[in-house]
There are 2 protein chains.
Amino acid sequence: MKVTYKDVKADILSKITNGQWPPGSLVANEVDLAMTYGCARATVNRAMRELAEEGIIERRRKAGTRVRMTPIRQARFDIPVVRDEIIQKGAAYRYTLLSCISQPAPDWLRARLDLPAEAKALHLICMHYADGVPYEHEDRWINLTALPKAASASFEEIAPTEWLLSAIPFSEVEISLFARSAEKSLADYLDCTVGDPVFTVERSTWWRENAVTYVRLTYRPGHRLTTRY
Amino acid sequence: MKVTYKDVKADILSKITNGQWPPGSLVANEVDLAMTYGCARATVNRAMRELAEEGIIERRRKAGTRVRMTPIRQARFDIPVVRDEIIQKGAAYRYTLLSCISQPAPDWLRARLDLPAEAKALHLICMHYADGVPYEHEDRWINLTALPKAASASFEEIAPTEWLLSAIPFSEVEISLFARSAEKSLADYLDCTVGDPVFTVERSTWWRENAVTYVRLTYRPGHRLTTRY
DNA sequence: TAGTGGTCTAGACCACAGG
DNA sequence: CTGTGGTCTAGACCACTAT
């Protein structure tokens, strides 16, 4: 059986985790490793490249490869579309548009998205329900200057997230997670008590250097974002 | 100049983002693409593999490659060591051990980490300060059965995170983010008001199938976890 | 069963950065 | 200047799976 890059990767990783190759130590170069594993250099290269991407080792031309002193830990969270998230839990999905107002972009929004003074915006408030229970509150602003056709979309029927996904499928995003307390209207919508701690995801989206949308997604109390790594 | 995998990747991505290859559409196979780009198949393969990893396209043997209907967006957050995080902000770091008790693992912990009935645990409570201001509250349990030498570590001087990092540099982690409200003691330590919404990171760590530690890191009100993708 | 992606190889050239 | 990683190539075989 041939030696695969996965074999090499697993073996190197085990040598690191069991202490044979301690943090900071120099790892043999690709040519030597290829010899010892009896495989091509490309195979070793792929194994090492992936370990480097995962923050386990650090590679530099000429300097060689070292085991990271403090491994860089990264958590990856999937950011699903709410509807998919709810359906995947086996619950029934329902969406409601609460408010939809076209207006000049307020100062704080212009500041945040770096919009010109005359920018127009569409302000949407929506709710997403799972089996009839409030799941997520969506407070969204869409930059009508960058995306004028949003003005004529019927957000009664299609959730803004999904409309935007079809309008601009790929974009640059800044995402921010934090805790805040539910004020009156939020508490009403989420069916919780005023002052309850809620988990909020704030997202700003750009498409080709143009700010497109800013959204605050707030979840019912108790919501968790979970992952493994 | 030779065609690089980055060229190919960028070109494919642009064809997707500008709508030439809409969501759901079938992408030409690797051999054909290699011909049109005038490069080796391996080059196309690497470009496509990365796009697939990034959730832009979906690949299946025989079925071919498709542009994802709803691109899987993944946010990656760096999980830094608190001390590094604070120092990088240009603030002075200070650490305090508030409590350190060795005791039988409570039921909820045994349930969570799947520990045997007789498991012993070390319960630590610590604070991390930035420029003297409360930054993070740490409530940690270490499984002494899996990691007996933790009993003799001097957590007065070294923070558990850092001690653990040297004891078990690489591990399997489950992480969970949520909002909760500060109860009395937490509010005291974080210098905030009881009931304030606080952001909490909960982490369970395994090393070679053995649960090692469970920790709740709670940040002062207003803390945000931010990233771009 | 046949088409597609997944991977390995052996060799080559190059870019970068340490000494 | 030279060692190391980064990448490309052309060809090959294999694994999966849609049809």
Report yes or no: do [X] and [Y] form a side-chain donor-acceptor pair below 3.5 Å?
{"X": "B:Tyr93", "Y": "B:Glu85", "result": "no"}
{"X": "B:Ser204", "Y": "B:Arg112", "result": "no"}
{"X": "A:Tyr5", "Y": "A:Asn45", "result": "no"}
{"X": "B:Arg83", "Y": "B:Thr161", "result": "no"}
{"X": "A:Arg94", "Y": "A:Tyr129", "result": "no"}

Does B:Thr65 put a side-chain nitrogen or oxygen below 4.0 Å from OP1 or OP2 of C:dG5?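 B:Thr65 to C:dG5 OP1/OP2: side-chain N or O found under 4.0 Å.
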Identify all pairs in which a protein N or O lies below 3.5 Å from an N or O of nucleotides 17-19 of chain C, and state each distance.
from: C:dG18; atom 1: OP1; to: A:Arg60; atom 2: NH2; distance (Å): 3.1

Enter the distance from B:Thr200:OG1 to B:Phe178:CZ here, rounded to the nearest 0.5 Å.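 These two atoms lie 5.0 Å from each other.
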Rounded to whole angstrom units, what separation is found between the CG atom of B:Asn29 and the P atom of C:dA2?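 That distance rounds to 17 Å.
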Figure out the CD/P separation between A:Glu30 and C:dC14, and round it to whole Å.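 Whole-Å distance recorded here is 18 Å.
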Chain B footprint on DNA chain D, 5' to 3' - any atom under 4.0 Å from a heavy atom: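 Listed 5' to 3', the contact boundaries are D:dT7 to D:dA18.
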Counting the atoms with a prime plus P, OP1 and OP2 as sugar-phosphate, which does A:Arg41 contact under 4.0 Å by heavy atoms, base, sugar-phosphate, or nothing?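 Base contact.
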Base, sugar-phosphate or nothing for B:Val31? Non-hydrogen atoms, less than 4.0 Å.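 Contact class for B:Val31: none.
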Want to settle it: does A:Lys2 or B:Gly38 sit nearer the 5' end of DNA chain D, counting the closest nucleotide to each?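 Nearer the 5' end of the strand: B:Gly38.
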With A:Val44, which of A:Asp32, A:Asn29, A:Leu33 fulfils side-chain contact (heavy atoms from CB on, under 4.5 Å)?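 Exactly one option meets the side-chain contact (heavy atoms from CB on, under 4.5 Å) with A:Val44, and it is A:Leu33.
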Think A:Arg228 forms a cation-pi with B:Trp206, using NZ or CZ under 6.0 Å from the six-ring centre and within 45 degrees of its axis?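 Verdict for B:Trp206: a cation-pi partner in A:Arg228.
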